[in-house]
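All chains are named by letter (A, B, ...) in the order of the sequence lines, taking the proteins before the strands, and each is independently numbered beginning at 1. What you see below is based on every heavy atom in this structure, not just the backbone, and it leaves out hydrogens, waters and symmetry mates.
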Amino acid sequence: MNYWLLKSEPTTFSIDDLVKSDKKTTYWDGVRNYQVRNMLRDDIKSGDKAFFYHSNCKPPGIAGIVDIVKSGYPDPSAFDKKSKYYDPKSTDEKPIWYCVDVKFVEKFDEVVSLDQIKNHPKLKNMVVARKGSRLSITPVTKVEWDLILGML
DNA sequence: GCCAACGTTGGC
DNA sequence: GCCAACGTTGGC
């Protein structure tokens with residue numbers, strides 16, 4: 001079992017939007033970065049857990065927890081001509097982009113802010129806190145996971 | 001709105 | 001294959 005951090009801009013899709021989703025589940029689509037694609041395809045498995053991170057907002061930080069309920073499969077939005085994520089290079093035979101399904105578990109009473117993480121002596125090296133870290137999915141260690149939960 | 005830190009594209 | 005130009009992310 002592995003731990004992850006999933007970034008989303010709350011103006012696009014927030015943890016509250018996930019709560020309102022059918023069965024509190026959605027597919028994590030629209031990833032168009034190869035490093036993240038590889039994680040979705042190869043590493044993120046059903047049963048893993050992830051932090052739901054709000055980016056590009058005030059304050060940026062971890063808003064809650066989700067479960068991965070379906071491992072990597074071809075991202076349907078890449079085949080959808082009406083989607084802004086449509087990519088004609090991705091085909092049924094050779095899909096380029098992948099997604100996973102995530103289910104709501106918990107929303108924190110207070111966001112664990114990026115500022116708190118950066119100021120924590122044992123968390124300041126988390127991938128998401130590193131300068132220039134732009135990947136929309138990053139791995140989280142069990143130690144980091146437990147420390148974050150300890151800050152609630 | 002600015003800009004650092006990347007990733008991607010395309011000419012050569 | 002190199003690298004300049006361009007695009008995107010996301011904190012500030």
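Nucleotide C:dG10 holds its C1' atom 17 Å from the CG atom of A:L6, rounded to whole Å. Going from atom CD1 of A:I137 over to atom C1' of B:dG7 covers 17 Å, rounded to whole Å. Atoms CG (A:D115) and P (C:dG10) sit 18 Å apart, rounded to a whole Å. Atom CG in A:L5 sits roughly 11 Å away from atom P in C:dG11 (whole-Å rounding). Here the P atom of nucleotide C:dG10 and the CZ atom of A:F13 are 16 Å apart, to the nearest Å. The nearest whole Å value for the distance from the OH atom in A:Y34 to the C1' atom in B:dT9 is 12 Å. Rounded to whole Å, the distance from CD on A:Q35 to P on C:dT8 is 18 Å. In this structure, the NZ atom of A:K7 is 6 Å from the P atom of C:dG11, given to the nearest Å.
No contact: A:K58 has no heavy atom under 4.0 Å from any strand.
Distances were taken from every side-chain heavy atom of A:K118 (C-beta onward) to each of C:dC12, C:dG10, C:dT8; the shortest belongs to C:dC12. Residue A:R134 places its side chain closer to B:dC6 than to any other of B:dC6, C:dG11, C:dG10. Closest to the A:L114 side chain, of the nucleotides C:dC12, B:dT8, C:dG10, is C:dC12.
For the OP1/OP2 pair of B:dA4 and a distance below 4.0 Å, the side-chain nitrogens and oxygens of A:K131 include no atom meeting the criterion. Close to C:dG11, at under 4.0 Å from its OP1 or OP2, lies a side-chain N or O of A:Y53. When the side-chain nitrogen and oxygen atoms of A:K89 are compared with OP1 and OP2 of B:dT8, none of them lie within a distance under 4.0 Å.
Between the side chains of A:S77 and A:D75, a donor-acceptor pair is found at a separation under 3.5 Å.
The ring-ring contact (aromatic ring centres under 6.0 Å, His included) test with A:W97 is passed by exactly one of A:Y34, A:Y73, A:Y85, A:W28: A:Y34.
Annotation: of the two residues near DNA chain B, A:N56 and A:L135, the 5′-most nearest-nucleotide partner is A:N56.
Cation-pi contact between A:K82 and A:Y86: absent, since separation from the ring centre below 6.0 Å together with deviation from the ring axis within 45° is not met.
Electrostatic pairing of A:K20 and A:D16 does not count as a salt bridge here, judged by no charged N lying under 4.0 Å from a carboxylate O.
One distance of note links OG of A:S136 with CG of A:L6; it measures 8.0 Å at 0.5 Å rounding.
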